[in-house]
2 protein chains.
Amino acid sequence: MSPRVTPPRRRATLSDIAVRLGVSKAAVSFALNGRPGVSEELREQVLAVAAELHYRPSSAALALGGSRADVIGLVLNRPARTLGTEAFFPELMAGIQAGLAPTHTGLQTLVVASLAEEVDAYRTWQATQRVDGVILIDPRRDDERVALVAELGLPAVQIGSHPSLDPTVPTVWVDDHEVATRLFDAMFALGHRRVGYVMGPLDLEHTELRRQAFHDCVGRYDAGTPVSVETDYSAEQSAAATLDLLRRDDRPSALVYDNDVMALAGLRVAQEEGVTVPRELSIASFDDSIAMRLVRPSITALTRDTYALGELAARTLMQVVTAAGSEAMVGSVAGMTPTLSVRESTAPSLDAQG
Amino acid sequence: MSPRVTPPRRRATLSDIAVRLGVSKAAVSFALNGRPGVSEELREQVLAVAAELHYRPSSAALALGGSRADVIGLVLNRPARTLGTEAFFPELMAGIQAGLAPTHTGLQTLVVASLAEEVDAYRTWQATQRVDGVILIDPRRDDERVALVAELGLPAVQIGSHPSLDPTVPTVWVDDHEVATRLFDAMFALGHRRVGYVMGPLDLEHTELRRQAFHDCVGRYDAGTPVSVETDYSAEQSAAATLDLLRRDDRPSALVYDNDVMALAGLRVAQEEGVTVPRELSIASFDDSIAMRLVRPSITALTRDTYALGELAARTLMQVVTAAGSEAMVGSVAGMTPTLSVRESTAPSLDAQG
């Protein structure tokens with residue numbers, strides 16, 4: 001990159017990027033459109049220069065009187081083949097679309113396998129003006145995405161656990177510590193003191209908040225050392241963790257699972273081990289699903305309106321899109337708090353009864 | 001619409017549509033972009049004239065050297081809040097994205113509540129050049145969609161039960177009659193003669209093919225009158241149908257369900273009625289899911305690689321998109337045949353053993 005060329009003050013064009021990198025306009029165009037025939041290295045250089053020059057293509061939408069793509073983007077960073085196992089994603093997507101409908105805006109989805117691919121998608125979408133904004137899900141500890149979209153100027157809303165710290169990226173939030181406290185408290189209130197918690201990945205912010213709530217509860221009830229196991233959300237790791245917990249001398253009398261699939265896997269292991277649910281073991285899940293209601297015994301779970309959450313996130317994002325470029329700021333919004341659906345899988349502790 | 005104006009031979013412009021309808025260019029632009037402030041009636045007129053004149057906007061993609069949107073569309077015509085109950089959709093979407101990845105093409109999804117809305121989406125997408133093509137799912141009897149996309153010139157691939165009759169819209173197909181025969185045959189081979197079939201909606205083509213296969217099997221085994229019940233795929237209707245069947249004097253010794261949620265609901269009803277599965281009642285499902293493997297008894301099901309089906313459909317669609325405008329034709333492709341996963345819920349008939 002030659003330092004002799006100063007960035008132009010007028011609106012940047014394809015030519016500006018081409019001159020800056022010493023390549024053809026066609027190469028820049030191909031790179032911006034993600035077409036084959038351009039090296040990955042050049043593509044990254046083009047995107048970097050485009051971002052630096054605040055390049056915006058003269059799109060059809062502009063020509064027709066609007067500057068929008070009328071599409072928003074959602075990146076799902078999960079192994080593609082396991083997406084179908086959780087009800088969360090399709091429910092969230094359906095809700096998002098309901099929230100977008102009044103503004104005639106579409107939803108583009110992208111399944112990626114890593115945070116690097118996710119970040120790359122935001123850069124490309126912004127450089128090519130493919131989407132008007134994005135919804136960020138699964139906040140992580142030390143999450144780089146909020147700072148990235150803010151820097152890119154890509155309108156965004158995050159679904160998270162607390163109001164946003166960055167005023168340019170509002171959060172649609174549910175207090176996960178409070179919600180988790182409600183679930184764990186319900187188990188302790190049934191007299192359980194040996195409660196085990198089968199967790200999802202700890203690099204997700206809400207897992208850490210739930211674990212803190214668990215530790216707080218254990219401390220409040222003076223119930224010894226908290227017993228928790230980290231997993232990858234899979235049925236396999238849940239089954240292994242459950243088997244290990246049930247074969248301990250101080251077997252838990254209650255197990256709480258971070259999602260519905262893990263609760264189902266845990267119930268099966270308990271049944272195979274001859275541990276009666278709920279008489280000898282209570283089971284509860286942080287996620288509800290139709291299987292939680294239909295399995296026998298049906299499983300106590302936190303019921304959240306994921307559809308409504310998606311709808312709220314979409315409506316908030318469209319406010320951010322509308323406010324973009326103006327002085328207006330859109331604030332974070334509290335989502336509906338989940339409710340506890342008590343079912344057949346939880347009962348008073350035998351210890352408490354005895 | 002005035003018959004005095006002949007369609008122009010040059011490339012149609014916004015002005016042509018505006019003149020034809022006697023409205024402003026801005027109104028046409030707003031209508032084409034689906035923005036508020038234009039009556040539904042005018043919007044439909046604009047879309048109709050745009051289609052008639054083969055109007056194509058001069059898009060950013062065109063300006064940058066390509067004529068593609070680099071996005072394909074998928075319309076899901078199901079009640080939004082029930083999308084999360086079936087694993088089929090997210091798995092299909094993930095597979096489609098894998099198939100699109102090599103061509104750097106995105107996926108836009110739209111959840112609609114009726115066939116009319118679905119048809120409207122294809123018209124709008126084509127008129128505004130929002131997508132390069134679409135994947136049609138859930139073929140119906142007397143399906144108007146294939147003729148529509150062919151007429152619109154919108155590249156499309158259908159996921160269906162047989163090779164396409166329309167050479168411009170190839171099918172990625174699985175022979176549903178053959179697959180269903182395999183499942184029903186397996187039940188009769190266990191000695192069951194009183195087999196009940198809890199179906200999905202009969203206006204879906206594959207439901208009708210499965211029912212024909214069921215009737216053929218019942219006839220081949222000389223097993224009396226076929227017993228089948230039509231439902232809306234819901235757990236509620238499955239539970240009601242199961243209860244009705246189990247309380248008959250000639251109670252079936254085997255029940256086959258059209259999806260996983262209905263099989264789960266049926267199993268619960270049997271357990272509540274004190275009917276032992278599989279000793280007194282065998283249960284099988286046309287759809288597999290993680291719950292089918294984790295529930296106790298685990299449920300025998302047809303396992304299909306929905307991810308691979310989506311990938312194949314996407315790759316075939318990109319061939320159609322590439323061939324569009326040329327003489328080349330893309331043929332229909334057979335997808336992978338599902339396999340029967342035999343699990344704990346099926347056993348030999350007591351009648352056959354006695």
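Computed from a prediction, not measured in an experiment: that's the story for all the values here. Note on naming: letters A, B, ... go to the chains in the order of the sequence lines (proteins, then strands), and numbering restarts at 1 for each one.
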Visitor: Chain A heavy atoms under 4.5 Å from B:T105: which part of the residue, side chain, backbone, both or neither?
Guide: neither
Visitor: Is chain A contacted by the side chain of B:T109, its backbone, both, or neither, given a heavy-atom distance below 4.5 Å?
Guide: both
Visitor: At their closest point, which heavy atom of A:V111 faces which heavy atom of B:A94, and how far apart are they?
Guide: CG2-CA, 4.4 Å
Visitor: If I take atom CG from residue A:L76 and atom CE from residue B:M93, how far apart are they, to the nearest 0.5 angstrom?
Guide: 7.0 Å
Visitor: Once you round to the nearest 0.5 Å, how far does CG of A:L294 lie from CD of B:Q271?
Guide: 11.0 Å
Visitor: Give the minimum heavy-atom separation between B:V295 and A:R268, together with the two atoms involved.
Guide: O-NH1, 2.7 Å
Visitor: In terms of heavy-atom proximity below 4.5 Å to chain B, should A:T306 be classed as side chain, backbone, both, or neither?
Guide: neither
Visitor: Supply the atom-to-atom distance B:H104 NE2 to A:T124 OG1, rounded to the nearest 0.5 angstrom.
Guide: 9.5 Å
Visitor: Of all residues at least two apart in sequence or in a different chain, which pass the side chain to side chain donor-acceptor pair (under 3.5 Å) check with A:E117?
Guide: none
Visitor: If you round to the nearest 0.5 Å, how far is CD of B:E272 from CZ of A:R296?
Guide: 5.5 Å
Visitor: Is B:V71 close to chain A through its backbone or its side chain, or both, or neither, when contacts mean heavy atoms under 4.5 Å?
Guide: side chain
Visitor: Holding to salt bridge (charged side-chain N to carboxylate O under 4.0 Å, His left out), I want the full list of residues that pass it with A:D120, two or more places apart in sequence or in another chain.
Guide: A:R43
